[in-house]
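These notes concern the structure reproduced below.
In what follows, chains are A, B, ... by sequence order, proteins preceding strands, each numbered from 1.
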Amino acid sequence: MKTDKTTPLIQLSGITKRFGKLTAVDNVSLDIKRGEKLVIIGPSGSGKSTLLRAINFLEKIDKGEIRFEGTRVGYVIKKGRMTLDKPSRICALRSEIGMVFQHFYLFPHMTVLGNVMEGPLTVQKKAPEEARDIALAMLDKVGIVDKKDVFPATLSGGQKQRVAIARAIAMRPKLMLFDEPTSALDPELVGEVFETIRSLAKEGMTMVVVTHQMGFAREIADRVIFMEQGTFIAQGTPQEFFSKHMNNERIKNFLDKIL
Amino acid sequence: MPILPTTNSKTSRGGYTPLLVVFLLSCFLLTSTPPVRAQNTENFLVQGKNALSTGDIETAATLLRKVPHPGVHGDDGSFAQSRMLLARMFFSVKDFAQATAVCQEILQFYPDNQEAKNFLTSISRESSPVYIQFFQDTIKFLPALAKGTVMTLFLVLLTIIISPILGLLIALGRIGSFRPVQSLCWFVIWIFRGTPLLLQLFFIYYALPTFGITLQPITAAIMGLSLNYSAYLAEIIRGGIQSIDYGQTEAAKALGMTYAQSMRRIIIPQTYKRLMPPIGNEFIALIKDTALVSTIAMVELMRSADLLFNTYFNITVLILAALIYLAMTSVFTLTFEKIETIVGAYENR
Ligand SMILES: Nc1ncnc2c1ncn2[C@@H]1O[C@H](COP(=O)(O)OP(=O)(O)O)[C@@H](O)[C@H]1O
Ligand SMILES: [Mg+2]
């Protein structure tokens, strides 16, 4: 059952995450199929980041369950309360899910190559030569292999984000999460990052992308989800979404604002 | 007479006026002892002493010079006595040429007179330029001070090795989420930062034996210094770790790193540059704080200087000790500045 190709890669059911009184993610359910490209849009503060972070256990959810390849993962019930599973299990799960942040978070004390090698080397305990080969291949893929020996401080935002993508895919993840990967970039640098994500998508990578770039969403998405106040207001294929939901006043307002 | 420049201010090593007072006082005490013989020659001696005790130096000099050479009246020691008195008198008013001449006069008749010989060396010391005196003193005191310096350096180096490691462990304990360890680390920092190092040293060395733990001075010194500095470094390191952008931890977690891996590979290495200046400061303070272990029977630089100074009352000892401390702190300052640029190189490459 676990390796059944038809089982969704990730199944979220009834996910709820609260910060004090505020419910950031409110009883959300979502299946992500293998190879699917999901784009989440929605106004700031609607819970998109929180949902993404819940998928790789950076946020501990209050309710609901997460299945990875059909298996319930990440939480155990202790004394009637949901608690995060053992750190070793959580780490193993995270290593199968890549995440790219709005602000890159490259490791400033390591070279570009060092950043990309770090996962295979430290987490997967690969030999340095092997980790190096993987890292070089990934840097080649994101088109930045010529910068391998410099430190991140000297890179442009677009270059940094491409290195961050290389660092994530060097782990050969089954799922990639992108949280507004181009929001911190100057407009002229957005293209190179999208180009990189696009090529990953073409290779069949399963991915969830939070973005405000509707053109890109339309182009890459198999499914678009509109999120507001912690819930999914609407979802559908890009064609459905951008025609049908244009009638929805809230979505229309939102799209008008950002387009 | 060319003597008696009592207000001579040519030399910078002032303070011979007290010398003169002491000298006059001792002369007064000497005269108060009854004369053994009342012969003519001795009269000059007694009269000379009397003149000295009234402060009439010129008369005293004339009288004392009248005490004849041995051989004329047999050797009753009055010649040597009178000439030594003269020599001391000249010495006390900084007339080194006359003082030397008088001493040599004694040595003409008594070539083995140790007192005169010693006094000659004192005169030559006193009459040589300040820098030569300093040089001679340096040669004299440096070996003992060097021994003390070796001990000081040993204490410093050992503390520099132990306290960052212990400090890091305490810092990690405080940051970590295991309550008992958190409390213990908090307690250690509270105690060792909240009480004087001197008191801690006393406690370890003098009070622990009451509880059946007797330590060698060196063990107690290393323990005291290490624990004290670990507590300070722990807080500095904790601040350094907490100053690193939380995004770094998130990125490490997202890669699948464990807490230990993210600390070791990602967070702690980024603190090095930030920690260098405050840790450098601590280590410079440490060099100076090692002086405190002299109170628990450790002979390091300060104690060596103290011992020498109490023996010789020579301020050169103190100057030398200060120079050695300065040399050590300067080397440390430069070293830490260098290390800082090396470990922070990634920020501007
Ligand atoms: N660590 C946190 N503590 C408290 N509130 C938070 C925290 N993270 C997010 N929130 C709140 O949860 C809501 C959803 O945040 P987020 O998921 O970041 O929204 P989005 O990514 O859609 O802009 C916001 O109101 C935000 O202020
Ligand atoms: Mg967000």
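When side chains are defined from C-beta on, A:M110 does not count as touching B:P269, because their heavy atoms never get closer than 4.5 Å. Looking at B:M257 and A:C91, their side chains never come closer than 4.5 Å, going by heavy atoms from C-beta outward.
Of the two parts of A:L121, only the side chain, counted from C-beta on, holds a non-hydrogen atom closer than 4.5 Å to a non-hydrogen atom of chain B. At a 4.5 Å heavy-atom cutoff, the contact between A:R167 and chain B is made by backbone and side-chain atoms alike. Proximity to chain B is limited to the side chain of A:F101, based on heavy atoms less than 4.5 angstrom apart. Interface residue A:L106: only backbone heavy atoms are found under 4.5 Å from chain B. Using a 4.5 Å cut-off between heavy atoms, A:P87 makes no contact with chain B at all.
Although no hydrogens or angles enter the test, the distance criterion places no donor-acceptor pair under 3.5 Å between the side chain of A:H109 and the main chain of B:T271.
Note that CD1 of A:I90 is 13.0 Å distant from OG1 of B:T258, once rounded to the nearest 0.5 Å. Rounding to the nearest 0.5 Å gives a distance of 10.5 Å between CG of A:N56 and CG of B:L255. The distance from atom CZ of A:R94 to atom NZ of B:K253, rounded to the nearest 0.5 Å, is 5.5 Å.
Top candidate by heavy-atom pairs under 4.5 Å with chain B, chosen from A:A164, A:P108, A:S95, A:P152, is A:P108. When A:E118, A:Q124, A:M171, A:R53 are compared by the number of non-hydrogen pairs under 4.5 Å with chain B, A:E118 comes out ahead.
In terms of heavy-atom proximity, B:Q261 sits nearest to A:K125 at NE2-NZ, 3.2 Å. Of all the heavy atoms in B:A251 and A:F107, the pair that sits closest is CB-CE2, 3.9 Å.
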